[in-house]
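The figures here come from the full heavy-atom set of this structure, side chains too, leaving out hydrogens, waters and symmetry mates.
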Amino acid sequence: MAAIRGCYFGQTYRDQLWPGEESESSHLLPDNDVPIHIYTETLERISETSEASSRTSSRLGCEEGLAKPKTKLYKRRWYIIAAFSLFCLLQGSIFSSWSPIAVSTIAAYPQWTEGTISWQSNLALITSPLFQFPAWCLVAKFGVGPMVKWFAVFPLTICSMFRCLQLVCNVSDGTFTTITFITSICGGWASIIIFTTIGGVVSAWFPSGEQTLATGLAVLAINLGSIVSSLAGPAFVEDPVMLLPDRTNSSGWWNHSHTYPPWLDITWTLRSQIGNFMTFHFLMALVVFALVVVYFPSSPEIPPENAKTIPRLKPMDGLRVALRDRNMFYLLLVNGLTSLPFMWEMSLMDVTLKPFRVNEKVVGYLTSITIIVSGLLIISTSRLNDRFPTKTKTTLLILISLAAICSTILGFQTLGFVATSHNSLFVFVVLSGALLSCGKPILLQAAAEVAYPVPEVVVTALMNQTTCLMTGTFLFLYSLSPTFAAWSPLCLVVAPILGLVALSKAHFLRGPGSCL
């Protein structure tokens, strides 16, 4: 038989027959006299056809393997981050709604005390760890889009609506207090949703070169929410002293008594103004709810870059991996330690600066200026990190080092270790707070990359829970021990330095998403 070469479905035909095969092959031919060349020509044609098919299949397979997944960058991504940032602004505004009008609220509702005001914020911190696991489960089941729309913005809108009931019907003080506490818990739940979904939103819609900036816009919006309430609250609700007919003679009386004389009752005036302030928040919630209902999918039809097609772990599997990751542990420490002095400035600065004769109005101005300056730094440093992603650790080391210097000086000033003036005190309050907060978006983005393949929803949620745990523990000890409260400014000195030590031990091994 003529020798046959070729590839037929992966089998190779030999040039020659092995010894002993000639008799076996001869039985395959019929007994009649059919020319053998017909069989050889047929087999050769089959072989050639098979070779052509094999080459075609191999070429198509190679082209298919080399072809990159289709990508597309949508302009609507800016609508997504704008709607999400407004949601963050709403949550921050509702969370800070009572502190700017604390005196007026206590005057309007005799059952309320300073403890009632503080518990409006404490409830959000206390309930945060309890709600984190359900949030992970819901995000894994329904996705980011439905979670933001129906499990965060919608409940917040309903609770904001119920806070306005006192304007249209008679609501007892106890019922109104219960509604406000439920709204505070809902605001805490919304905060969990924000930090659980922010990584997923940014990763799904933005390429690696824009992710830190997008994260920074959302974080900035949360901080701006407190400014909105600080400005809108006093604009809607007057100070009780300003409502008195003779403010000059009544100011001394108000400083010693929070009860009104029989001939004067401004309670209902204040309640009406507080109701208008609650309506302001309700209208904000309606706008945000309308935006996310109109368009807020979990992800675009086509990812913005090839890395977005690489799947990550499921949330529970990712949580186990993250808790065993040493680099993730160091970054969680950095996040919690740098959040502690920033929280001190935002929450306890008015008490600490009283010995320096700084009133609450000036403290409010300092807080607003700090957030505005931090916003400018967040935008600039986030863009810098997006442009030079390999220098993330260096950027964080520089920012936290500068923050540690300013924070240490501020701590020594408030403790009385060094002489100070109002101007010096104000400068270091603004600089330390702004520098501490501007590294937050970079830290969140770096943790999501270092922890790969842990999903972003797990990484950002762990960062948020670390902040809540450290700040909640600090506030708890502050309320229990006068000695701890007196030495609390030491956190300005110790926390940033420990954060620097933890950051120096972390290794920034970037995930595949950042390599493109």
Side-chain angles (χ1 to χ4, degrees), residues 65 67-73 77 80 132-145 147-148 192-215 218 297-336 385-386 389-393 396 440-466 502-503 505-516:
K68 294 183 178 180
K70 187 177 180 181
T71 61
K72 184 176 180 179
L73 195 59
R77 69 189 186 278
I80 295 294
Q132 186 60 72
F133 181 76
W136 276 330
C137 296
L138 290 172
V139 170
K141 183 175 181 179
F142 297 103
V144 172
M147 197 69 187
V148 171
I192 297 172
I193 300 303
I194 287 173
F195 284 98
T196 302
T197 59
I198 184 174
V201 170
V202 171
S203 175
W205 286 93
F206 288 85
S208 299
E210 297 176 350
Q211 289 181 6
T212 311
L213 176 60
T215 304
S298 298
S299 60
E301 297 82 2
I302 303 173
E305 60 186 12
N306 295 334
K308 305 308 178 189
T309 62
I310 303 174
R312 292 187 179 238
L313 299 174
K314 294 181 179 180
M316 291 301 104
D317 296 333
L319 178 61
R320 287 190 288 269
V321 173
L323 294 178
R324 293 194 297 264
D325 190 336
R326 179 176 297 180
N327 288 324
M328 187 65 190
F329 172 75
Y330 286 135
L331 292 181
L332 289 175
L333 277 180
V334 174
N335 179 66
N385 185 71
D386 285 333
T390 58
K391 304 295 183 181
T392 297
K393 185 174 182 179
L396 285 174
K440 185 86 169 182
I442 303 176
L443 199 57
L444 288 173
Q445 187 60 32
E449 295 171 353
V450 167
Y452 183 87
V454 177
E456 295 91 343
V457 296
V458 173
V459 175
T460 52
L462 284 177
M463 301 288 273
N464 181 49
Q465 291 306 318
T466 305
L503 180 61
K505 293 182 176 296
H507 297 285
F508 283 50
L509 303 174
R510 303 176 69 84
S514 58
C515 297
L516 298 174

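Of the possible polar contacts, none joining the Q445 side chain to the T215 backbone as a donor-acceptor pair under 3.5 Å is found. Counting only distance, with no hydrogens or angles, the side chain of K505 and the backbone of R326 share no donor-acceptor pair below 3.5 Å. S203 places no side-chain N or O within 3.5 Å of a backbone atom of G200 that could act as its donor or acceptor partner.
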Candidate pair F133 and M316, rule side-chain contact (heavy atoms from CB on, under 4.5 Å), full reasoning: CA-CA 9 Å; F133 181 76; M316 291 301 104; 3.3 Å; yes
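Note: L331 CG to F508 CZ = 5.0 Å, rounded to the nearest 0.5 Å. For the atom pair I193 CD1 and Q132 CD, the distance stands at 8.0 Å (nearest 0.5 Å). For the atom pair CD of E305 and OG1 of T71, the computed distance is 8.5 Å after rounding to the nearest 0.5 Å. Annotation: the span from T212 atom OG1 to F206 atom CZ amounts to 11.5 Å, rounded to 0.5 Å. One finds the CD atom of Q465 at 10.5 Å from the CZ atom of F195 (value rounded to the nearest 0.5 Å). Expressed to the nearest 0.5 Å, how far NZ of K440 lies from CE of M463 amounts to 6.5 Å.
Partner L319 forms a side-chain contact (heavy atoms from CB on, under 4.5 Å) with one of L323, V321, D317 and no other, that one being L323. Tested against M328 for a side-chain contact (heavy atoms from CB on, under 4.5 Å), the candidates V458, V450, V459, L333 yield a single pass: V459.
The two residues A461 and T196 come nearest to each other via the heavy atoms CB-OG1, 3.8 Å. Residues P315 and P455 approach most closely at CA-CG, 4.0 Å, considering heavy atoms.
Residues T466 and N335 have side chains that never bring a donor and an acceptor to within less than 3.5 angstrom of each other.
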